[in-house]
Each structure stands twice: as structure tokens, then as C-alpha cells.
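The chain is numbered in sequence order, starting from 1.
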Amino acid sequence: MKNGFRQSMAWLHTWTGLLVGWLLLLIFMAGTASYYRDEISRWMRPELPRSTVSSDVAAQRALTFLQHKAPQAESWNVTLPSPRNPAMRMFWRNPESMVKPPAEGEKRRRGGGRFGDATVDPNTGNEVSARETRGGDFFYRLHFDLHYIPVLWARYLVGFCAMFMLVAIITGVITHKKIFKDFFTFRPDKGLRSWLDFHNVSAVMALPYHAMITYTGIVTLMFMYLPWGMNKAYPNDEAAFYSEAFARMADVEGPGEGSATPVPIQQLLDTARREWKGADVGSFVVSRPGAANAVVDVYQRDGRRLSSDAPSLRFNAVSGELLQASPVPGGATQTRGVMYGLHLAHFADWGLRALFFLSGLVGCLMVASGVVLWAVKERPKHAKSGRIGFGLRLVDALNIGAVAGLPIAFAAYFWGNRLLPLELAERPAAEANVFFYAWGAALLAAFLWPKRLMWAAQLYVGAALFALIPVVNALTTHAHLGVTLLAGDWVLAGFDLMMMAFGAMLAYCGLRMQRWQPALSAAEKKKRQAAAAATKPQLPAEASA
């Protein structure tokens with residue numbers, strides 16, 4: 001505390017933000033995009049039709065499809081269509097006896113071939129042949145799994161960054177004596193002062209959101225970071241802990257016995273709605289389908305509750321009797337569920353989701369302006385010595401590659417979805433590779449030439465890539481603005497329009513960066529004034545008299 005408490009907090013704020021700032025920006029950008037992962041997934045599979053039938057009709061068609069596609073499966077899992085996701089997704093688990101062993105010298109693929117999946121048109125009950133893609137789930141997984149890094153290490157790294165972010169938020173609040181004044185203060189074209197004002201405004205504008213999203217992000221992985229209490233209380237039964245902690249029903253165990261005709265699925269869904277006082281059904285799981293002891297687990301749809309824990313009911317599939325309901329969550333379970341729910345925001349309607357998204361964008365601007373601010377502050381010190389040190393060059397390159405380069409990667413991911421061959425093997429992985437190839441190219445260019453013009457160049461490239469996404473979409477699919485606007489399909493039309501808006505914003509930033517000139521320091525201003533005074537012609541004494 002040599003320089004006082006507030007100065008110490010300022011130093012801590014600077015370094016906790018800078019050390020993880022570039023990775024934190026990736027996490028923030030991918031997490032912000034995840035608020036619309038269903039809409040992104042739908043745009044990236046333009047072959048999927050819009051749903052025009054009720055949940056009951058869709059559920060019955062799903063069962064009809066599965067009875068023909070996977071009659072011997074041990075379980076069926078069906079996700080019903082929703083306003084944000086019009087297609088039905090279903091998975092099933094085959095018996096071990098049906099799985100073919102791998103050929104000699106061939107590795108057994110993940111899942112061992114026990115699991116099947118399909119996407120079905122709820123309007124017809126037929127399987128849809130849509131392009132393979134991770135869609136918006138790529139961004140969702142990226143923001144805490146980091147894709148190429150082993151999952152365990154990635155989540156520890158993300159937790160480490162989140163802890164640093166939380167420290168930066170707390171120390172930032174302590175550092176700012178005039179935090180409310182900073183909210184209303186922005187002085188453009190003032191060099192360092194402008195960057196500091198912009199960082200302050202972006203930080204204070206959505207401060208409650210920043211604190212909430214950072215803290216709840218850590219909570220979502222708390223059992224991995226702090227497993228000792230769980231291991232102590234449940235040393236030999238981790239599954240029992242998760243059943244209690246997440247208020248889940250126990251898994252269905254044992255083989256099917258005999259055969260019997262199930263009751264209509266609509267009867268079970270209607271009973272579930274009555275039990276939930278009108279809340280709709282989001283998905284259901286049939287265990288031991290076709291057997292006399294078959295059961296159906298019905299799960300409530302998101303949107304009516306703050307907690308992420310979905311209430312569920314278990315029915316006898318043959319008699320329709322309600323066998324069990326998910327346990328009533330206790331205080332600790334409800335708290336954890338609400339923390340999860342706040343982070344995921346599944347409860348949000350379109351207006352609140354837009355507010356979360358805008359707050360996430362402001363968070364991205366806060367992180368980006370923070371890492372840029374450090375470089376702006378350091379540059380005058382290096383200018384005095386007559387050379388730019390390695391540390392500043394490194395930060396300059398990382399700033400360009402992250403702040404200007406990441407938008408290029410995001411846009412390239414959408415281009416890859418439209419331009420990669422539909423029949424390409426491992427297509428979802430190829431789309432992800434396009435994202436990282438584009439980002440790698442941006443980083444490499446930034447390291448080769450970390451100058452101001454590189455900032456402008458990469459911003460312009462990102463602007464062009466985003467602005468042209470609707471054009472590429474129109475050239476490669478039938479779901480372009482000329483069709484979606486007339487049909488009132490605002491999910492697909494809204495995506496194209498947002499891409500154009502992002503392109504315009506990046507183009508504006510590129511223009512500003514191209515024309516930007518660093519503000520003169522006070523010493524430089526005095527030096528120039530003195531030079532101007534020395535060169536000014538002197539008038540004769542009598543003329544002046």
C-alpha cells in the first residue's frame with residue numbers, strides 16, 4: 001500500500017484486466033452471441049421449415065417416427081418445437097447388443113454407436129435433410145470450453161479469467177471516486193482522456209450486468225472448482241448428489257418387461273399442463289418404449305421461471321398414472337438454479353433478451369477499451385526513450401488481433417456455413433476451423449505489422465464480411481431477405497439485418513481509426529507553441545508604437 005489504498009486498487013485493476021483481457025474478450029463475445037444461439041442455429045440450417053402445428057400433434061408425429069426408426073431403442077428423447085426453434089430434435093439409445101464392434105484397426109467412435117439422432121419436420125413427421133452444423137451451440141460451448149483445449153483445462157482457464165474479471169470489477173468500483181459522474185462524462189478527441197472516458201462509460205453503463213454475469217458464470221462451474229464438500233458428503237455416489245442438488249428424479253433402471261400399448265401422448269401432456277397450471281411442455285423422454293413397464297418423463301418448457309431447473313413429471317406410459325414428480329427444491333438448490341438461470345437467461349422474453357444482448361456488447365466494449373487504454377497510456381513513456389519496447393509491441397498486436405480480428409472470425413464462421421460443401425465430411429468441425437483460421441490470419445497480420453493502419457484494415461475487412469452475409473445468403477439459399485421479410489419470418493430476416501448493422505458499425509469504427517490522430521501531450525503543445533513564436537516575424541518598434 002505504498003501509494004495508498006485507491007492507488008493499489010488501480011494497479012490491481014489494470015493488471016488483472018490486462019493479463020486475461022484478450023481471452024476474456026473471446027469469452028464475452030461468444031457468450032453474448034449465445035443469447036441468440038437458437039436463432040443462429042436456425043439461420044445456419046435454412047432447410048428447416050417453420051412449425052405450424054401444436055405441441056400435441058408434433059409429439060405424436062415424433063413417436064410415430066421413432067416407432068419406425070428406432071423400435072428397439074432403450075429410450076427416446078424428444079425436444080418439441082418452440083417459437084425460437086421450429087424443428088423437432090430427437091435422440092435415442094440403442095441396446096449394446098445392436099452395436100457393431102469396430103473393424104480391426106478402427107477406433108470405436110464416440111458413443112460407441114449406441115446413440116442415434118434425427119431432425120424431424122413437425123408438420124409432416126418426416127426427417128429433414130438439413131446441413132450439418134453446430135450453429136449457435138458452437139459459440140455457447142466456445143465461451144467456456146474454448147473448443148480445441150481439453151475440456152477440464154479449458155474450464156479451469158475460463159474460471160481463472162472470470163475470477164480476474166470479478167477482481168477487476170470490484171477494484172474498478174473502488175478506484176472511481178466519481179463513478180456516477182463518469183457515467184455522464186465523455187470527452188471526444190482528447191486522446192488518453194477520451195479512451196479513459198469511454199472505458200468508464202462502458203463499465204458503469206451496465207455495471208450490475210457485468211457483476212452478475214461474471215459471478216454467476218463462476219457459480220455454473222462451482223462443483224468442478226470446489227468439489228471437496230461433494231466428495232466428503234457423497235464419497236461413493238456422485239450421481240445421488242447431482243440428483244438432489246439439481247432436484248432431479250432418479251434415472252430409470254432395469255430392462256423392459258413384456259409389451260403393451262401406451263396411452264396417447266396427448267393425455268400425458270395435458271395432465272402435465274394441469275399440474276403446472278398452464279405451463280407448456282418442452283420435451284419428454286420415453287424409457288423402455290413399447291414395454292409393459294414403460295415410463296414417460298415430461299419436462300416443462302423454459303420461459304415461465306427464473307431457475308434453470310426444469311420441473312418434471314414421470315408417468316406410467318401404459319396406464320397414464322402419475323408416478324412421480326421432481327423433488328421440491330430446497331433453498332440451496334433454488335439459489336443455485338436461479339444463479340444458473342440468470343446466467344443463461346432462458347427465462348427472458350424478446351425484449352429482455354435484447355437488453356441482455358446489448359449489455360453483453362457493452363461488456364465487450366469495456367474489455368476492449370481496457371486493453372487498448374493500457375497501450376495508449378504506455379506509448380508516451382516509450383516515445384520518450386525513442387523506441388517501442390517488446391511489451392508494448394506485443395500488446396499492440398494482441399489488441400489488433402483480438403479487438404479487430406475477432407469480428408472477422410465471427411463473420412467467417414457464418415460464411416463457412418454457407419460456402420462449405422453440404423456433403424463435406426465432419427462439416428461442423430470444418431465450420432469451427434474456418435473461425436479459427438480467420439482469427440489466426442488476423443492475429444498473424446497484427447503481429448507482422450502492429451500499426452494504426454492495420455487497425456483500420458481489419459475493421460474494414462470485418463465490416464465487409466458482415467455486410468455481405470445477406471448477399472452470400474441470397475446467392476446460396478432460398479431463405480433470403482426478399483423471402484423472409486415478405487413471409488414475416490423475423491428470426492431469419494432479423495439475423496440478416498443485424499449482420500448489416502454490425503457491418504455498418506465496424507465500417508464506422510474503421511473510418512474513425514483511419515482518420516484518428518493521437519492528441520498532443522502538454523509538453524508537445526508547449527514545444528510547438530514555442531517554435532511557432534520563434535518563427536513569428538517581429539514588427540518594428542515604431543510600428544508597434
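A heavy-atom distance below 4.5 Å is found between the side chains of C161 and L24. Using a 4.5 Å cut-off on side-chain heavy atoms (C-beta onward), M165 and V20 make no contact. Using a 4.5 Å cut-off on side-chain heavy atoms (C-beta onward), L361 and M505 make no contact. You'll find the side chain of F447 reaches within 4.5 Å of the side chain of L398, heavy atoms only. The shortest distance between side-chain heavy atoms of Y413 and T133 falls below 4.5 Å. Using a 4.5 Å heavy-atom threshold, the side chains of F284 and L63 count as touching. Side-chain contact between D56 and I265 is absent, with no heavy atoms from C-beta onward closer than 4.5 Å. Taking the side chain as every heavy atom from C-beta outward, P407 and M29 approach each other to under 4.5 Å.
Between M513 and A456 the shortest heavy-atom distance is CG-N, 3.9 Å. Of all heavy-atom pairs between V53 and R61, the closest is CG1-NH1, 3.6 Å. What you find for W276 and Y299 is that their closest heavy atoms are CH2-C, 3.6 Å. Here the closest heavy-atom approach between residue L443 and residue G401 is recorded as CD2-CA, 3.5 Å. Across all non-hydrogen atoms, the minimal contact from I218 to A162 is CG1-CB, 3.5 Å. Between V371 and G17, the closest heavy-atom pair is CG1-O, 4.5 Å.
Under a 3.5 Å cut-off, the side chain of R273 and the backbone N or O of A279 do not form any donor-acceptor pair. With hydrogens and angles disregarded, a donor-acceptor distance shorter than 3.5 Å links the side chain of S41 to the backbone of G136. At least one donor-acceptor pair under 3.5 Å links the side chain of N417 to the backbone N or O of M44. Under a 3.5 Å cut-off, the side chain of W415 and the backbone N or O of L465 do form a donor-acceptor pair. At least one donor-acceptor pair under 3.5 Å links the side chain of N433 to the backbone N or O of A429. Between the R93 side chain and the E74 main chain, no donor and acceptor come within less than 3.5 Å of each other. Under a 3.5 Å cut-off, the side chain of D496 and the backbone N or O of H480 do not form any donor-acceptor pair. For R50 (side chain) and P86 (main-chain N/O), no donor-acceptor pair under 3.5 Å exists by modelled atom type. Y215 places no side-chain N or O within 3.5 Å of a backbone atom of M339 that could act as its donor or acceptor partner. Side-chain atoms of R37 never come within 3.5 Å of backbone atoms of F139 as a donor-acceptor pair (strictly under, hydrogens ignored).
Remark: R336 is positioned above the aromatic ring of Y340, its terminal NZ or CZ atom under 6.0 angstrom from the ring centre and at most 45 degrees off the axis.
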Q | Worked check of side chain to side chain donor-acceptor pair (under 3.5 Å) between T52 and N123 | A | CA-CA 6 Å; T52 59; N123 305 307; 2.7 Å; yes
Q) For W43 and N473, what are the C-alpha separation, side-chain angles and deciding distance, and is it a side-chain contact (heavy atoms from CB on, under 4.5 Å)? A) CA-CA 10 Å; W43 184 88; N473 181 39; 3.8 Å; yes
(Q) Could you go through L18 and W22, starting from their C-alpha distance and side-chain angles, then the distance that decides it, and tell me whether this counts as side-chain contact (heavy atoms from CB on, under 4.5 Å)? (A) CA-CA 8 Å; L18 181 67; W22 304 286; 3.8 Å; yes
Q: Might you work through the side-chain contact (heavy atoms from CB on, under 4.5 Å) test for E127 and T119, ending with a clear yes or no?
A: CA-CA 6 Å; E127 187 170 5; T119 301; 5.7 Å; no
Q: Apply the test side-chain contact (heavy atoms from CB on, under 4.5 Å) to residues N85 and T79: give CA-CA distance (whole Å), side-chain angles for both, the deciding distance (0.1 Å), then the verdict.
A: CA-CA 10 Å; N85 188 359; T79 300; 5.6 Å; no
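Between atom CZ of residue R114 and atom CG of residue N94 there is a gap of 8.0 Å, rounded to the nearest 0.5 Å. Between the CZ atom in F435 and the CZ atom in R134 there is a gap of 12.5 Å [rounded to 0.5 Å]. Atoms CD and CG, from E47 and L422 in turn, are 6.5 Å apart once rounded to the nearest 0.5 Å. Between the CZ atom of R418 and the CD1 atom of I469 there is a distance of 9.5 Å, given to the nearest 0.5 Å. Rounding to the nearest 0.5 angstrom, the gap separating the OG atom in S34 from the CG atom in L344 is 9.5 Å.
Aromatic pair F164/F160: ring centres closer than 6.0 Å. Ring centroid separation for the pair F410 and F502 does not come in under the 6.0 Å cut-off. Annotation: H68 is not in aromatic contact with F65 [ring centroid separation under 6.0 Å not met].
Legend: residues meeting side-chain contact (heavy atoms from CB on, under 4.5 Å) with V434, ordered by chain and number and at least two apart, are A412, L420. Here E39 pairs with R84 under the salt bridge (Lys or Arg N to Asp or Glu O under 4.0 Å) rule; sequence neighbours left out. In this view, Y508 and R512 satisfy the side-chain contact (heavy atoms from CB on, under 4.5 Å) rule, not counting sequence neighbours.
In this structure, Y225 and Y156 have tilted ring planes: the angle between them lies in the 30° to 60° band. Note: Y140 and H143 have tilted aromatic rings, judged against thresholds of 30 and 60 degrees for the angle between ring planes.
For residues 348-372, the side-chain hydrogen bond (donor to acceptor under 3.5 Å, both in side chains) pairs, not counting sequence neighbours, are H199-S369. Screening residues 72-94 for ring pair (Phe, Tyr, Trp, His ring centres under 6.0 Å), with sequence neighbours left out, gives no hits.
A side-chain contact (heavy atoms from CB on, under 4.5 Å) with S326 is found for exactly one of Q300, M249, R314, namely M249. Checked against R89 for a salt bridge (Lys or Arg N to Asp or Glu O under 4.0 Å), the options D117, D121, D38 give a single hit: D117.
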Only distances under 3.5 Å count here; give the side-chain donor-acceptor pairs of residues 486-494 to other protein atoms, sequence neighbours excluded, each with its distance to 0.1 Å.
residue : atom : partner : partner atom : Å
D489    : OD1  : R42     : NH1          : 3.1
D489    : OD1  : R42     : NH2          : 3.3
D489    : OD2  : R42     : NH2          : 2.6

